[in-house]
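The structure appears below as structure tokens.
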Amino acid sequence: MNPAELTSPSASTLDFATGDMVPFGRAVTRRLSEMGRAFANAEAVASLLGQGQDPVIYRSFAHGAPEQAGHLAHLTTIVLPGVVGDEYYMTRGHYHLKDSAEVYLGMAGTGLMVMQARDGRFQVEELVKNKTVYVPPGWAHRTVNTGSQELIFLAVYFSDAGHDYRSIEEHGFAARVLARSNGPEVVPVPEEGASCTAT
Ligand code: M6P
Ligand code: ZN
């Protein structure tokens, strides 16, 4: 039986100002200690954790569609404002295990999406309220909050896409977004993303 045929339609209400989804199927709170090696400044990470600080980096509310072919996962994500060292709070970033696209809709706040292909090419797009960003199949994606308010967005992707965090842990991203006194600066890191391969 095709599970898509068995699931009843459903609806949720989104609060664009808070990112709340009502009802939601699954809520996640991602703290600094769960971010792997996402932040480049390991000393800053260790220092914060060593002081007993484990700040929330982002939260999300997922609709909870089955993780099966044919379904569309969709969730709101709220990236808090802040920095670790000179790097803005952001998502871990991932490729999809099964190459497939994703669509983002900015709901509130100011941010950048860093996207990269496995050959090291990267592209950065602004993510703000009412703006959509299309992530084509094969492109890793990370969302960075460059503002002083929460960055809130909706993401829609194939439920069976899967998250490949390992490639990012091993090779990093080809660009980082750093907080400078005059605003965000996108800094290419050629030696990181350039040699990424599929896992
Ligand atoms: C978006 C989607 C999710 C992802 C979340 C946080 O909402 O892309 O699939 O889990 O951002 O990103 P990450 O898991 O890379 O930290
Ligand atoms: Zn994704």
Side-chain angles (χ1 to χ4, degrees), residues 12 14-16 18-21 24-40 45 54-69 71-80 82 84 87-109 111-118 122-125 127-129 131-145 150-177 192-193 196 198-199:
S12 297
L14 305 185
D15 186 329
F16 272 53
T18 65
D20 284 345
M21 174 185 277
F24 65 86
R26 196 168 81 99
V28 169
T29 298
R30 185 79 66 215
R31 292 181 177 274
L32 178 61
S33 59
E34 302 164 305
M35 293 291 289
R37 297 193 292 133
F39 293 103
V45 173
D54 191 5
V56 174
I57 305 298
Y58 69 79
R59 297 180 288 116
S60 64
F61 297 100
H63 163 266
E67 291 181 3
Q68 293 164 344
H71 285 276
L72 289 172
H74 52 289
L75 72 164
T76 55
T77 302
I78 301 105
V79 184
L80 278 71
V84 175
E87 203 166 7
Y88 295 104
Y89 283 11
M90 60 190 178
T91 59
R92 286 181 71 181
H94 59 270
Y95 291 94
H96 291 158
L97 288 167
K98 212 176 192 178
D99 278 351
S100 52
E102 185 158 348
V103 175
Y104 279 65
L105 168 67
M107 296 165 63
L112 293 174
M113 282 186 69
V114 182
M115 293 165 280
Q116 77 173 23
R118 287 196 170 93
F122 74 88
Q123 190 170 324
V124 178
E125 292 288 342
L127 186 65
V128 291
K129 186 175 181 178
K131 182 163 180 180
T132 60
V133 177
Y134 177 65
V135 184
W139 286 72
H141 36 290
R142 166 180 282 168
T143 315
V144 183
N145 185 354
E150 292 177 337
L151 172 65
I152 302 173
F153 57 89
L154 177 78
V156 184
Y157 61 97
F158 292 100
S159 290
D160 62 343
H163 291 69
D164 168 16
Y165 294 109
R166 208 179 88 186
S167 296
I168 304 301
E169 278 294 298
E170 290 178 353
H171 303 287
F173 263 78
R176 292 189 171 277
V177 185
E192 285 201 75
C196 273
T199 51

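All values reported here derive from a predicted model rather than from experimental measurement. Counting convention: from 1, in listed order, for ligands and their atoms alike.
- With a 4.0 Å heavy-atom cut-off, ligand 1 is reached by the side chain of E102 but not by its N, CA, C or O.
- Screening T76, V79, T77 against S60 for a side chain to side chain contact (heavy atoms under 4.5 Å, CB included) leaves a single residue, T77.
- Between E170 and R37, none of the side-chain N atoms (NZ, or NE/NH1/NH2) sits under 4.0 Å from a carboxylate O, so this pair counts as no salt bridge.
- Remark: distances from the non-hydrogen atoms of G93 to ligand 1 include one below 4.0 Å.
- Regarding atom 16 (O) of ligand 1, its nearest protein heavy-atom neighbour is Y58 OH, 2.6 Å.
- For R30, no heavy-atom contact with ligand 1 is shorter than 4.0 Å.
- Atom 10 (O) of ligand 1 has H163 NE2, 3.4 Å as its closest protein atom, hydrogens excluded (heavy atom only).
- Closest of all the heavy-atom pairs between S12 and H63 is OG-CD2, 4.1 Å.
- You'll find the side chain of R166 stays beyond 4.5 Å of the side chain of H171, heavy atoms only.
- Close contacts of ligand 1 with Y157, meaning ligand atoms under 4.0 Å from a residue heavy atom, involve 9 (O).
- Electrostatic pairing of D164 and K98 does not count as a salt bridge here, judged by no charged N lying under 4.0 Å from a carboxylate O.
- Counting heavy atoms under 4.0 Å from ligand 1, residue T91 touches it through both backbone and side chain.
- No other N/O/S atom of H96 lies as close to the Zn ion (ligand 2) as NE2 does.
- Looking at E102 and the Zn ion (ligand 2) together, the shortest N, O or S contact belongs to OE1.
- Residue F153 has at least one heavy-atom neighbour below 4.0 Å for each of these atoms of ligand 1: 1 (C), 7 (O).
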